[in-house]
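A quick write-up on the structure given underneath.
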Protein chains: 2
Amino acid sequence: MEKNDRISPAVIRRLPKYYRYLGELNKVGVNKTSSRELSDMTGFSASQIRQDLNNFGGFGQQGFGYDVGNLRNEIGKILGLDKKYKIIIVGAGNIGQAIANYTGFYEADYEVVALFDKNPKLIGLSIRNALIMDSDDLEEFLKKEHIDIAVICTPKSVSQQVAEQLVRCGIRAIWNFAPKDLKMPEDVYVENVHLNESLFSLTYYYNKMKKESK
Amino acid sequence: MEKNDRISPAVIRRLPKYYRYLGELNKVGVNKTSSRELSDMTGFSASQIRQDLNNFGGFGQQGFGYDVGNLRNEIGKILGLDKKYKIIIVGAGNIGQAIANYTGFYEADYEVVALFDKNPKLIGLSIRNALIMDSDDLEEFLKKEHIDIAVICTPKSVSQQVAEQLVRCGIRAIWNFAPKDLKMPEDVYVENVHLNESLFSLTYYYNKMKKESK
DNA sequence: AAATAATAGAGAAATTTTTCACAATATTTA
DNA sequence: TAAATATTGTGAAAAATTTCTCTATTATTT
């Protein structure tokens, strides 16, 4: 599908945004759009949007624009949103539970299959059809079930060790919420959500703005 | 403090990571480091680290390296972590509660002062000393209390309207967890945590890896 | 004390990313 | 039907970011 094997991460980060806005257009019955219109919605430049899309081939028509449904589909295929994914969450504390309850993934076919925790008070409870299981049963579980994505919501002190266990059991995609960088083999992809780093950046810009407005 | 007024966002995003690793070195009693060592820890190139730090002035000593405690302090000052910040959370659902309970901010002085929600079952409860209050009392609350940062954890359907209300009441920094881009005046800084976009990117790289390993 | 090794700082080069500019093509209007 | 308008795709230019290279400086070793 790709024209080019190596697509810049910056491009990949923008695709989900295009996908979301195309979904919104779709919902309100708009079935034609343009890089100009997408630019107004997303804040990215029209030229950048065209360049981004052209990494994957020409989805538009010169002189006309883009078909909303088609373009959304194509971006979905590029991202892999046309497939199903099974997820487990390791660490059923606040963040783990919040992820399990999160409904913002509805646009695609992700299923949280189970959560794992050491806390006996949590084991046995269910969140939206997903059972919270004993962490000790994690390896056995992974031997039986094919899981695509593991979410790490444990304390940072055990995150590395949990990640290694997951990788030993065949996991190749990790969504890491622990505020620590995981040292992983090359064939494991880790997507970090480092909330403290996000808050620290926010803090920088908040202070910068305050200084400038004085 | 800054040599240069306009620092690239990419640099700012790396600073929290330097700060975290310097904290770790500090904790284990290491008080001297080098761009080389920081490179090994963070994965950024030594040269990039030196360039980054030089945006703000020379914190190291040629031939010697960097003083861990001093450098950490300086980065902390750049980010503004030497000050106190009061936070409110709007939307006390799963994510709002998770943020209120999150202890990963311990490195700095953030205080969650209150949460706001419409749900009568939640109003009156407390999370770590922060009371969940009625959303209807938000404006009055903000008139009385000085709040630095507002966290939006509402459904996306009301996120824009909530943001506008916050801005009317003087809020200038928003940490947005709703999967929607907020249209805000220039003097309001919005830091987005778009979990679905993060998961979609992860999905792309997961599929890419699978293809390549075949 | 001199030589060696390690390291930051900084300008320059290389690379990457974004924007520009325009030809090609489709639609709409006169 | 012809002219005007809108829009993509794309190569080139511009801008931004990262890496390279070297000098100056410090600490360590001989």
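Note on naming: letters A, B, ... go to the chains in the order of the sequence lines (proteins, then strands), and numbering restarts at 1 for each one.
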Once hydrogens and angles are ignored, does a donor-acceptor distance under 3.5 Å link the base of D/dT19 to the side chain of B/Q51? yes
Between [X] ([atom1]) and [N] ([atom2]), how many Å, whole number?
X	N	atom1	atom2	answer
B/I7	D/dA16	CD1	P	14 Å
B/Q48	D/dC20	CD	P	11 Å
A/I49	C/dT18	CD1	P	12 Å
B/L53	C/dA10	CG	C1'	14 Å

Could you check whether the rings of B/Y19 and A/F200 sit parallel, tilted or perpendicular, using 30° and 60° as the cut-offs? perpendicular
Regarding the side chain of A/N54, the nearest nucleotide among D/dT18, D/dT10, C/dT19 is D/dT10
If you check the B/P9 side chain, which of C/dA12, C/dT19, D/dT17 turns out closest? D/dT17
At a cut-off of 3.5 Å, list every protein nitrogen or oxygen paired with a nitrogen or oxygen from nucleotides 4-7 of chain C, distance to 0.1 Å.
unit_1, atom_1, unit_2, atom_2, d
C/dT7, O2, B/G63, N, 2.7

Within-4.5 Å side-chain heavy-atom neighbours: A/I88 and A/V151: no
So which heavy atom on B/E191 is nearest to which on A/L202, and how close? CB-CB, 3.9 Å
Using the test ring-ring contact (aromatic ring centres under 6.0 Å, His included), find all partners of B/Y206 that sit at least two apart in sequence or belong to another chain. none
Any ring pair (Phe, Tyr, Trp, His ring centres under 6.0 Å) pairs touching residues 60-89 of chain B, not counting sequence neighbours? B/Y85-B/Y110
Reckon B/S8 has a side-chain N or O less than 4.0 Å from the OP1 or OP2 of D/dT17? yes
Think A/R172 forms a cation-pi with A/Y189, using NZ or CZ under 6.0 Å from the six-ring centre and within 45 degrees of its axis? no
